[in-house]
Protein chains: 2
Amino acid sequence: MSILSYDGGMSLRIALLGLLSFSGPASGYDLTKKFETSINHVWQAGHSQIYPELAKMAADGLITVEAEGARGRKIYTITREGRDELRHWLTEHTPPGPVRSEGALQAFLLPILDPPEALAVLRRTTEAVEAKLEHLQGLRAVKGSQAAGREEHKLGGYALDLGIRHALTTLAWARDTAAAIDPDADPGQGEPA
Amino acid sequence: MSILSYDGGMSLRIALLGLLSFSGPASGYDLTKKFETSINHVWQAGHSQIYPELAKMAADGLITVEAEGARGRKIYTITREGRDELRHWLTEHTPPGPVRSEGALQAFLLPILDPPEALAVLRRTTEAVEAKLEHLQGLRAVKGSQAAGREEHKLGGYALDLGIRHALTTLAWARDTAAAIDPDADPGQGEPA
DNA sequence: TTGCCCATGTAATACGTTACATGATTTC
DNA sequence: GAAATCATGTAACGTATTACATGGGCAA
């Protein structure tokens with residue numbers, strides 16, 4: 001896992017470097033909070049995964065403990081090597097397409113069910129995606145209301161847009177698929193393709 | 001991990017049950033091949049994960065070895081319990097939204113890069129997604145050319161549609177995002193929103 | 001008889017989740 | 001002084017990837 005020859009599976013590291021790069025020095029606790037809020041729809045990690053990873057990253061020279069705050073709070077700062085690693089991953093690493101989605105697996109297996117059951121599954125999917133969509137749009141509203149001059153709201157903005165578009169696409173798919181399974185079913189809104 | 005109280009993380013099991021349910025009895029080798037081809041864009045697993053899982057599923061009574069073929073080939077058949085488990089997961093389990101996407105993580109961190117680098121990343125993303133799109137459309141063409149009366153081509157058809165729609169959505173996002181970063185950049189095709 | 005595909009497994013390692021465990025500081 | 005939050009860690013377990021290991025059958 002050297003700085004220049006990377007193979008895969010270090011996304012947690014990259015996410016942490018990204019947050020430290022953008023928001024400045026932070027503790028493991030701070031970063032855990034940011035995982036719960038801002039970056040949550042793109043990558044997840046709990047504190048039990050974050051603390052050991054920070055220790056490894058410090059050992060690898062990607063971050064350093066420049067200061068210690070109250071009650072043992074360790075403040076990590078990204079190093080030059082850390083920034084290089086982050087930039088390298090962003091510019092050189094081509095991610096594998098989105099794989100391993102339980103939702104897509106349900107879509108895949110949908111023909112196993114008979115029409116009434118399949119339609120019920122699609123309704124549940126629609127509800128779940130609508131809830132997610134509202135959540136993401138709420139996040140966007142928060143960003144929009146932040147001080148206009150600040151740059152911070154930009155981090156994650158493109159990913160938010162992408163997530164919203166994907167949610168809308170999934171809703172359209174569910175509507176059209178329900179119509180294909182049963183043309184007489186009430187699509188709720190819109191019209192099938 | 002009883003049959004009725006399920007929490008999460010048994011998607012591999014479900015995928016195997018789905019394939020066995022739809023295509024009839026098969027060996028671990030057969031199922032590994034199907035993972036490489038048909039179900040690949042939705043869930044992945046190699047033989048080293050599949051063989052032990054089949055053994056556990058047999059121990060749990062979800063499948064049985066009804067026959068043994070040439071050179072130690074074990075033919076698994078889904079049981080009644082297996083079908084129940086599969087149907088239960090499909091109808092009752094609400095999957096968590098698509099999480100942990102390296103592509104979305106790159107989108108999230110894009111503002112860290114300066115415009116020329118960010119645009120280069122978006123171009124690479126576009127190329128990768130176009131390749132994936134072609135692959136999926138190829139799969140759909142194969143399905144379309146199969147005997148019309150057969151049902152088999154239906155398994156996976158809805159997921160294929162969903163995958164293609166998501167790919168198209170990602171392409172549109174990349175185009176619009178590039179235009180937002182640099183309005184003078186050549187978008188290649190189409191016009192920004 | 002050499003090489004390729006069929007066919008099945010295990011081992012080592014990494015990644016991720018849940019639960020366990022501890023203690024300091026602030027707030028009511 | 002009780003409860004909530006701050007703050008950091010480890011342990012146990014499950015899931016996933018890569019590499020290692022073995023042997024049968026068939027075709028050139």
Side-chain angles (χ1 to χ4, degrees), chain A residues 1-2 5-16 25-37 39-40 42-60 63 65 67-76 89 95-102 105, chain B residues 1-2 5-16 25-37 39-40 42-60 63 65 67-76 89 95-102 105:
Chain A
M1 222 192 289
S2 83
S5 74
Y6 161 67
D7 272 309
M10 67 192 310
S11 304
L12 171 58
R13 192 166 272 226
I14 295 300
L16 291 168
S27 69
Y29 189 83
D30 297 333
L31 293 164
T32 301
K33 292 290 166 190
K34 284 189 185 163
F35 261 85
E36 285 169 10
T37 54
I39 210 174
N40 186 259
V42 156
W43 206 265
Q44 300 82 44
H47 79 273
S48 66
Q49 204 184 351
I50 289 171
Y51 286 125
E53 186 65 27
L54 288 171
K56 276 191 245 163
M57 288 163 72
D60 290 349
I63 56 179
V65 181
E68 297 216 9
R71 66 204 107 143
R73 184 182 155 97
K74 293 179 198 164
I75 312 294
Y76 291 98
W89 186 88
V99 289
R100 234 170 239 136
S101 154
E102 286 190 25
L105 181 57
Chain B
M1 222 194 292
S2 84
S5 72
Y6 161 65
D7 273 307
M10 69 191 310
S11 305
L12 171 58
R13 195 166 269 227
I14 296 300
L16 291 168
S27 68
Y29 189 85
D30 296 334
L31 293 164
T32 302
K33 290 292 164 187
K34 283 185 187 167
F35 261 84
E36 285 169 10
T37 54
I39 212 174
N40 187 259
V42 156
W43 206 265
Q44 299 83 44
H47 79 274
S48 66
Q49 202 183 352
I50 289 171
Y51 286 126
E53 186 65 27
L54 287 171
K56 276 190 245 160
M57 289 163 72
D60 291 348
I63 57 179
V65 180
E68 297 215 11
R71 64 205 107 140
R73 185 183 156 97
K74 292 181 200 162
I75 313 293
Y76 291 97
W89 185 89
V99 288
R100 235 169 238 135
S101 154
E102 287 192 23
L105 181 57

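Side-chain atoms are counted along with the backbone in the values below, which use heavy atoms only and exclude waters and symmetry mates. No experiment lies behind these values; they were computed from the predicted model shown. Lettering of chains follows the sequences in order, A, B, ..., and the numbering in each one begins at 1.
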Enquirer: Once you round it to whole Å, what is the distance between P of C/dC6 and OH of B/Y29?
Expert: 3 Å
Enquirer: Tell me what A/S27 touches on the nucleic acid: a base, only sugar-phosphate, or nothing, going by heavy atoms under 4.0 Å.
Expert: sugar-phosphate
Enquirer: Using atom CZ of A/R73 as one end and atom P of D/dT8 as the other, report the distance to the nearest whole Å.
Expert: 7 Å
Enquirer: Nearest to the side chain of A/Q49, which nucleotide is it out of C/dT17, D/dT15, D/dT18?
Expert: C/dT17
Enquirer: Nearest to the A/Y76 side chain among C/dG16, D/dA16, D/dG9, which nucleotide is it?
Expert: D/dG9
Enquirer: If you round to the nearest 0.5 Å, how far is NZ of B/K74 from CG of B/D30?
Expert: 14.0 Å
Enquirer: Does C/dT17 have OP1 or OP2 under 4.0 Å away from a side-chain N or O of B/R100?
Expert: yes
Enquirer: Salt bridge or not between A/R13 and A/E53? Use side-chain N to carboxylate O under 4.0 Å.
Expert: yes
Enquirer: Let me confirm one number: the CD1-CG distance from A/I63 to A/L54, rounded to the nearest 0.5 Å.
Expert: 4.5 Å
Enquirer: Just to confirm, is there a sub-4.0 Å distance from OP1 or OP2 of C/dA7 to any side-chain nitrogen or oxygen of B/K33?
Expert: no
Enquirer: Once you round it to whole Å, what is the distance between C1' of C/dG9 and CD of B/E53?
Expert: 15 Å
Enquirer: Assign A/G46 to base, sugar-phosphate, or nothing according to its heavy-atom contacts below 4.0 angstrom with the strands shown.
Expert: nothing
Enquirer: Starting at CG of A/L31, measure out to CD of A/E36 and round the result to the nearest 0.5 Å.
Expert: 11.5 Å
Enquirer: Could you tell me how far apart A/H47 (NE2) and D/dT5 (P) are, to the nearest whole angstrom?
Expert: 16 Å
Enquirer: Might you point out which heavy atoms bring B/P52 and B/H47 nearest each other, and give the distance in Å?
Expert: CD-O, 4.1 Å
Enquirer: Between P on D/dT22 and OH on B/Y51, what's the gap in Å once rounded to a whole number?
Expert: 17 Å
Enquirer: How close or far is atom P of C/dA7 from atom CG of B/D30, stated in whole angstroms?
Expert: 7 Å
Enquirer: As a test of reading the structure: which of D/dA19, D/dA7, C/dG9 is closest to the side chain of B/S48, going by heavy atoms?
Expert: D/dA19
Enquirer: Considering heavy-atom distances to DNA chain D, does A/G72 or B/Q44 have its closest nucleotide positioned more toward the 5' end?
Expert: A/G72
Enquirer: Separation of A/K56 atom NZ from D/dT8 atom P, in whole Å?
Expert: 18 Å
Enquirer: Within this structure, what is the CG-to-C1' distance between A/L16 and C/dG16, rounded to whole angstrom?
Expert: 14 Å
